[in-house]
Amino acid sequence: MNEKQRLEGQQVQSINPSDKKSEKDYSKYFETVYTAPSLKDAKKRGKEEVKYHKDFDLPEEFIGLGKGRKFYIRTYGCQMNEHDTEVMAGIFMGLGYQPTDTVEDANVILLNTCAIRENAENKVFGELGHLKHLRKENPDLLIGVCGCMSQEESVVNKILKTYTQVDMIFGTHNIHRLPNILHEAYMSKEMVLEVWSKEGDVIENLPKVRRGNIKAWVNIMYGCDKFCTYCIVPYTRGKERSRRPEDIIQEVRQLAAQGYQEITLLGQNVNAYGKDFKDMTYGLGDLMEAIHKIDIPRIRFTTSHPRDFDDRLIEVLANGGNLVEHIHLPVQSGSNDVLKIMARKYTREQFLELVRKIKDKVPGATFTTDIIVGYPNETEEQFEETLSLYREVGFEAAYTFIYSPREGTPAAKMKDNVPMEVKKERLQRLNALVNELSAEAMKRYQHEVVEVLVEGESKNNPDTLAGYTRKNKLVNFKGPRTAIGKIVKVKVTDAKTWSLTGEIIEEKENLEVS
Ligand code: SAH
Ligand code: SF4
Ligand code: F3S
């Protein structure tokens, strides 16, 4: 059997042999036991080598399945999910489905979910509630739940019990199986459940329909092995698996040839790129050096874990060019005690040293971050250390969160003596600081000329165009629609807390750009 036959031949209704527990739990719902998730299995990290499948094709027997049918995908969560949605859209189109922007018009609705915090999950349950009437009105409609929530037993159980309007649930490792899952859902009266808890192999050549033609995402690795004590991602996305550099470079080259202006290299922990290669020593620095040579104006990467950010990468970033000098570097906390129980495996001092090194070597480097407040038993003093670290680094923006316990993670078992009001109050204080430093950073651009990659009309005002600078600052400005998709120079006339306002300037004026 070759790889292709092996992939296509897998049955939807397979029992995961290592998953006896879920067989027992789920048998009351199904005559046939489907593959169900297990966080316990998802935690395991095997030694076996990752297999690369380079000859993926949509199974021929399912092509045409979507004739006369429309699909709608709602995406929650991070860029990884956004990009998975592009792959699923590619699969739908390959099967003959057409896209639609409205749920009422759709024959298949997928919710591509995020499990990172409780409120992310609640949004999905709310949406499932809203969709119930559509299912009643249209018995041929298929509703599916995929993404990170599908990897959690408790979520799957809740859907089975309460949200019977759902026709299919499939996991993050089962995306390439979408044709088989759809087919099975049309054939079966029961809910189709296919969630592999053990990560799949790396599958190249999956079809993709990208959301725009200006910026594109490129996966460089999948999964995460860091197991920060609060985080569900290592369970929902499996072990770290890097794509081969030649496949990534080829994809970026193709995107450059198609006229894309900006690429974001994606991974949960991109700095661990290549650590799983058994046959060579090749890391993110090497990959960035190769991509630096490709003729595409901007390259970003996300998300960086401070621990694996090595000197080789800094040395490559120092070359500038298409490698932008904006680095998103999640710190989570400024307190060594909290960092320790989070298992981030760096100290405040090490983080500051890394920032100093990057600032030294990469001219004009700016930083943004992620922060969690109200970790179990976080003291006022520890929280203040986060505030002081934020100021010391001079972060220009941050995603800030109240800690949310995730079932199955070590932190969820910790006793917590911090009341919710205190957590909320800390978040407000942190956000005030985030706003203050963002406004300060924006002010520095007042009257300056910036380079903007124009993405389209501004959200709030169709007479205005909007785009981002290399350092990811949003700029709204007056200019011709012909500028969309191009990098233009804009003179900043006004600096707000979260955006800049300006006017496009003539190329021939050739002013200095900051
Ligand atoms: N891989 C990325 C993070 C992905 S999740 C990294 O390590 O940088 C994005 C952010 O969500 C995290 O950086 C963290 O700040 C936040 N987050 C993750 N789990 C959380 C939880 N249980 N409660 C609150 N915030 C959380
Ligand atoms: Fe989660 Fe930590 Fe992995 Fe980021 S590095 S995805 S926070 S476990
Ligand atoms: Fe959410 Fe999964 Fe991304 S939990 S943040 S969608 S990896």
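Counting convention: from 1, in listed order, for ligands and their atoms alike. All values reported here derive from a predicted model rather than from experimental measurement.
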For Y403, the ligand 1 atoms with a heavy-atom partner under 4.0 Å come out as 23 (N), 24 (C)

Less than 3.5 Å between some nitrogen or oxygen of T303 and one of ligand 1, yes or no?
-> no

Give me the ring orientation class for Y390 and F395: parallel if the planes are under 30° apart, tilted from 30 to 60°, perpendicular past 60°.
-> tilted

Check whether the side chains of H328 and D370 place a donor and an acceptor atom closer than 3.5 Å, and report yes or no.
-> yes

Measure from atom 1 (Fe) of ligand 3 to each N, O or S atom of C148 and report whether any distance is below 2.8 Å.
-> no

Any non-hydrogen atom of R237 lying under 4.0 Å from ligand 2?
-> no

Go through ligand 1 atom by atom and flag the ones less than 4.0 Å from a non-hydrogen atom of P330.
-> 8 (O)

Measuring from the heavy atoms of G147, does anything fall under 4.0 Å of ligand 3?
-> no

Counting heavy atoms under 4.0 Å, the part of T409 that contacts ligand 1 is neither

Would Q79 count as a contact of ligand 3 if the rule is a heavy atom under 4.0 Å away?
-> no

Closest to atom 25 (N) of ligand 1 by heavy-atom distance, out of Q332, R117, M342, is R117

Is there a donor-acceptor pair closer than 3.5 Å between any side-chain N or O of Q151 and the backbone N or O of W196?
-> yes

Just say parallel, tilted or perpendicular for the rings of F351 and Y346, cut-offs at 30° and 60°.
-> tilted

Answer yes or no for V233: is there a heavy-atom contact with ligand 1 below 4.0 Å?
-> no

Min N/O separation Q268 to ligand 1 under 3.5 Å | yes

Under 4.0 angstrom from ligand 1, any heavy atom of I232?
-> no

Does M80 have a heavy atom less than 4.0 Å from any atom of ligand 3?
-> no

Sub-3.5 Å N/O-N/O distance, N269 and ligand 1 = no

In terms of atom number and element, which parts of ligand 1 are under 4.0 angstrom from non-hydrogen atoms of R406?
-> 22 (N)

Part of P330 with heavy atoms under 4.0 Å of ligand 2, whether side chain, backbone, both or neither | neither

Answer side chain, backbone, both or neither: which part of F227 comes under 4.0 Å from ligand 2, heavy atoms only.
-> backbone

Parallel, tilted or perpendicular, as decided by the 30° and 60° cut-offs, for the rings of Y163 and F125 = parallel

Contacting atoms of ligand 1, where contact means under 4.0 angstrom from a heavy atom of D370 = 9 (C), 10 (C), 12 (C), 13 (O), 15 (O)

Is the closest heavy atom of R344 to ligand 1 under 4.0 Å?
-> yes

With a 4.0 Å heavy-atom cut-off (strictly under), which part of C224 contacts ligand 2: side chain, backbone, both or neither?
-> side chain

Ligand-side contact atoms (ligand 3) for residue partner C114, heavy atom cut-off under 4.0 Å | 1 (Fe), 4 (S), 5 (S), 6 (S)

